[in-house]
Amino acid sequence: MKPALAKGTRDFSPTEMERRNYIFNTIKSVFAAYGYREIQTPAFENLQTLTGKYGDEGDRLIFKLLNSGDYLAKTPQALLDEKASLKLIPHISEKALRYDLTVPFARYVVMHQHEITLPFKRFQIQPVWRADRPQKGRYREFYQCDADVVGSESLLNEAEFTLIYHEALSKLGLKDYTIKLNNRKILTGIAEVLGKPELIVDMTVAIDKLDKIGLDGVNRELLDRGFSTVDLEKLQPIILLQGTTLEKIAQLKTILQASETGLKGVDELETVLGYIEKLTGDTSLLDRFVALDITLARGLNYYTGCIFEVKTNEVSMGSIGGGGRYDDLTGMFGLNGLSGVGISFGADRIYDVLEELALFPESTGQSTRVLISNFDKLAELYALPLLQKLRRAGIATELYPAAAKLKKQLAYADAKNIPYVILIGESEMQEGVFSLKDMATGTQQQLREPALLAALTT
RNA sequence: GUGGGUAUAGCUCAGUUGGUUAGAGCACUAGAUUGUGGUUCUAGGGGUCGUCGGUUCGAGCCCGAUUAUCCACCCCA
């Protein structure tokens, strides 16, 4: 058979792994600086843990694992006759690959509530799987880098997440990106002011598409979803909110006067912005990278407060990060009254962006520093003690594993970007020296062992 | 789930209105150079032209189906 990758998956070769680890390590270091500690959870969970958390569309995209054994034996015949795929799922599948890191984290918190101290700040970098149609920047297996805190209602967390986004993305070399902020309570308030709180989901889904389908498109969709032309008139100034963040906030306060929830949302937003300004010492971060975007809704239905989304403005790519506050995520698992807030970096999309912008540092990984040539068995034996001495000195060294033409060995060093080659031939062995070749300059010098070690450790 | 594009060497792709034995670059192997890489030169290996069927004297090229893949929508990192 012809080998092929499963749709939407990728291999990661050595250079790619070095670059991916560079991204992970950069993000990790920022998470750590803000007090987040790492955990991991299993690749698959009980299907019941995951279903119902991401909406109907999300449930459809969860990769389900078929039960082992004779999984059809105990399924009701009626469902089989009906070919009712959806109803059959709980009978033939009890496990599923995790769809994100937030829900497994919520499960983790509930199960470990007696051993963690609140507020609990954790980060988690692991792959997630979605049975989506792949396209640019969209994979079926991809890594999320999540940081969440549970057990703290302080809006300082939201402010810090904004700084975390900024620090990590700046460290990675990105110059122009927007951290969009919104608050679910503001959206709720808008729906309340219109007198149609029950249509909040329809409203957010529609106005979320403003930059894609334009105002007319949004209006058409709103009408389809049950809003009247009177509602549209009231909505227009809200959707088209203009001006600086401060001006937008002032306008929202007027518009949302009649909605207690809406005003609470605005107040929260102001508090977060205030914290950011205090943390950074000025408004430059706010002015350059943070934007209040009232059309930002995000699909996940568990968000209740602040909502984040990060977009790069340098290349065309979907969001490279997102997150928000969820007041009662652990409630689904029986632990009520625990508020959480978190963010996620889309590492694979960030990789694609850095690649497109050629922002990866030239050397993202530690590869072999020294190759010892191998001319014949005698030279090979002669080289072995040196090989281990160099390794013990912390110099990544390898011995070419077979006697081969020097041309081939040097080509190997060249292909692997090994900066030094040690040549051991008859004359070197007789004189008790080693020839050290610098691959970049092509120069060569004969050194005794102490000098050789000294030359390589500088 | 909906719509569009593409499918030719390991990779990226040419291939004229349908006409002899299907090409290039890169990569690989060998030689020029038996102990000196990256540059150069020479030679070499490598193809059921995604698959099945149709039209035709003749199909890589036209038509149909099918599969894969990419892009867009939905949704999302």
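Below, chain A is the first sequence line, B the second, and so on; all start at residue 1.
- Contacts of A:E141 with the nucleic acid, taken as non-hydrogen atoms under 4.0 Å apart, are absent.
- Here B:A72 presents its P atom at 9 Å from CZ of A:R138, a figure rounded to the nearest Å.
- Side-chain to base pairing of A:R60 with B:C74: no donor and acceptor N or O lie closer than 3.5 Å to each other.
- Using a 4.0 Å heavy-atom distance criterion, A:G425 is classed as a base contact.
- A:K416 comes within 4.0 angstrom of nothing in the nucleic acid, heavy atoms only.
- Ring planes of A:Y400 and A:Y412: perpendicular class, angle over 60° (limits at 30 and 60°).
- With A:F63 as the aromatic partner, A:R130 does not meet the cation-pi criteria of under 6.0 angstrom to the ring centre and within 45 degrees of the ring axis.
- Ring pair A:Y326/A:Y303 is tilted by interplanar angle, where 30° to 60° counts as tilted.
- If you check every strand for non-hydrogen atoms under 4.0 Å, A:L406 touches a base.
- For B:A72, one of the phosphate oxygens OP1 or OP2 lies less than 4.0 angstrom from a side-chain nitrogen or oxygen of A:Q135.
- Among the atoms of the strands shown, base atoms are found under 4.0 Å from some heavy atom of A:L423.
- Residues A:D100 and A:K53 have side chains not in contact (no heavy-atom distance under 4.5 Å, counting atoms from C-beta outward).
- Across all strands, A:D132 comes closer than 4.0 Å to base atoms (heavy-atom distances).
- The separation between A:D208 atom CG and B:C74 atom C1' is 12 Å, rounded to whole Å.
- For the pair A:R19 and A:E16, the salt-bridge criterion is not met [side-chain N within less than 4.0 Å of a carboxylate O].
- A salt bridge is defined here as a Lys NZ or Arg NE, NH1 or NH2 lying under 4.0 Å from an Asp or Glu carboxylate O, and A:D148 with A:R122 meets this definition.
- Looking at heavy-atom distances under 4.0 Å, A:E57 makes contact with a base.
- If you check every strand for non-hydrogen atoms under 4.0 Å, A:V353 touches nothing.
- Residue A:D59 contributes atom CG, which lies 13 Å from atom C1' of B:C75 at whole-angstrom precision.
- Positionally, the nearest nucleotide of RNA chain B for A:K136 lies more toward the 5' end than for the other of A:K136 and A:Y143.
- Heavy atoms of A:F345 sit nowhere under 4.0 angstrom from any nucleic acid atom.
- Stacking of A:F142 onto the six-membered ring of B:A77 is present: less than 5.5 angstrom between centres, less than 30° between planes.
- Candidate nucleotides B:C74, B:G35, B:G31 were compared by shortest atom distance to the side chain of A:K405, and B:G31 ranks first.
- If you check every strand for non-hydrogen atoms under 4.0 Å, A:S427 touches a base.
- In this entry the distance linking CD1 of A:I179 with P of B:A77 reads 16 Å, nearest Å.
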Per-nucleotide protein contact along nucleotides 38-43 of chain B, 5' to 3', at a 4.0 Å heavy-atom cut-off (B base, S sugar-phosphate only, - neither), is B-----
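- Within the 4.0 angstrom heavy-atom criterion, base atoms lie near A:G137.
- Spacing between atom CG of A:L61 and atom P of B:A77 amounts to 11 Å, rounded to whole angstrom units.
- Between A:E45 and A:K95 there is no salt bridge, since no side-chain nitrogen of the basic residue lies less than 4.0 Å from a carboxylate oxygen of the acidic one.
- Here B:C75 presents its P atom at 14 Å from CG of A:L296, a figure rounded to the nearest Å.
- Cation-pi check for A:R20 over A:Y143 is met; the charged atom lies under 6.0 angstrom from the ring centroid and within 45 degrees of its normal.
- Rounded to an integer number of Å, the gap from A:R130 CZ to B:A77 C1' is 6 Å.
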With pairs defined as Watson-Crick or G-U wobble and both distances under 3.5 angstrom, please note down RNA chain B as a dot-bracket string, | for pairing with another strand.
(((((((..((((.....[...)))).(((((.......))))).....(((((..]....))))))))))))....
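- A donor N or O paired with an acceptor N or O is found under 3.5 Å between the base of B:U2 and the side-chain atoms of A:R133.
- Within 6.0 Å of atom CZ in A:R10, more than 12 heavy atoms from other residues, nucleotides or ligands are found, so the atom counts as buried in its surroundings.
- Put simply, OH on A:Y99 is 7 Å from P on B:C76, counting in whole angstrom units.
- Side-chain atoms of A:Q126 and A:D146 include no donor-acceptor pair closer than 3.5 Å.
- Counting only heavy atoms from C-beta outward, the side chains of A:F105 and A:I39 approach each other to under 4.5 Å.
- Within the 4.0 angstrom heavy-atom criterion, only backbone atoms of the sugar-phosphate kind lie near A:A411; the bases stay farther away.
- Within 3.5 Å, a donor on the side chain of A:Q444 pairs with an acceptor on the base of B:U36, or the reverse.
- With hydrogens and angles left out, the side chain of A:Q409 and the base of B:G35 share no donor-acceptor pair within 3.5 Å.
- Applying the side-chain hydrogen bond (donor to acceptor under 3.5 Å, both in side chains) rule to A:S427 yields no partners; only residues at least two apart in sequence or on another chain are considered.
- Nearer to the 5' terminus of RNA chain B, by closest-nucleotide assignment, is the contact made by A:I424 (compared with the other of A:K7 and A:I424).
- Of the candidates B:G35, B:C75, B:G37, B:G35 carries the atom nearest the A:S435 side chain, counting heavy atoms from C-beta on.
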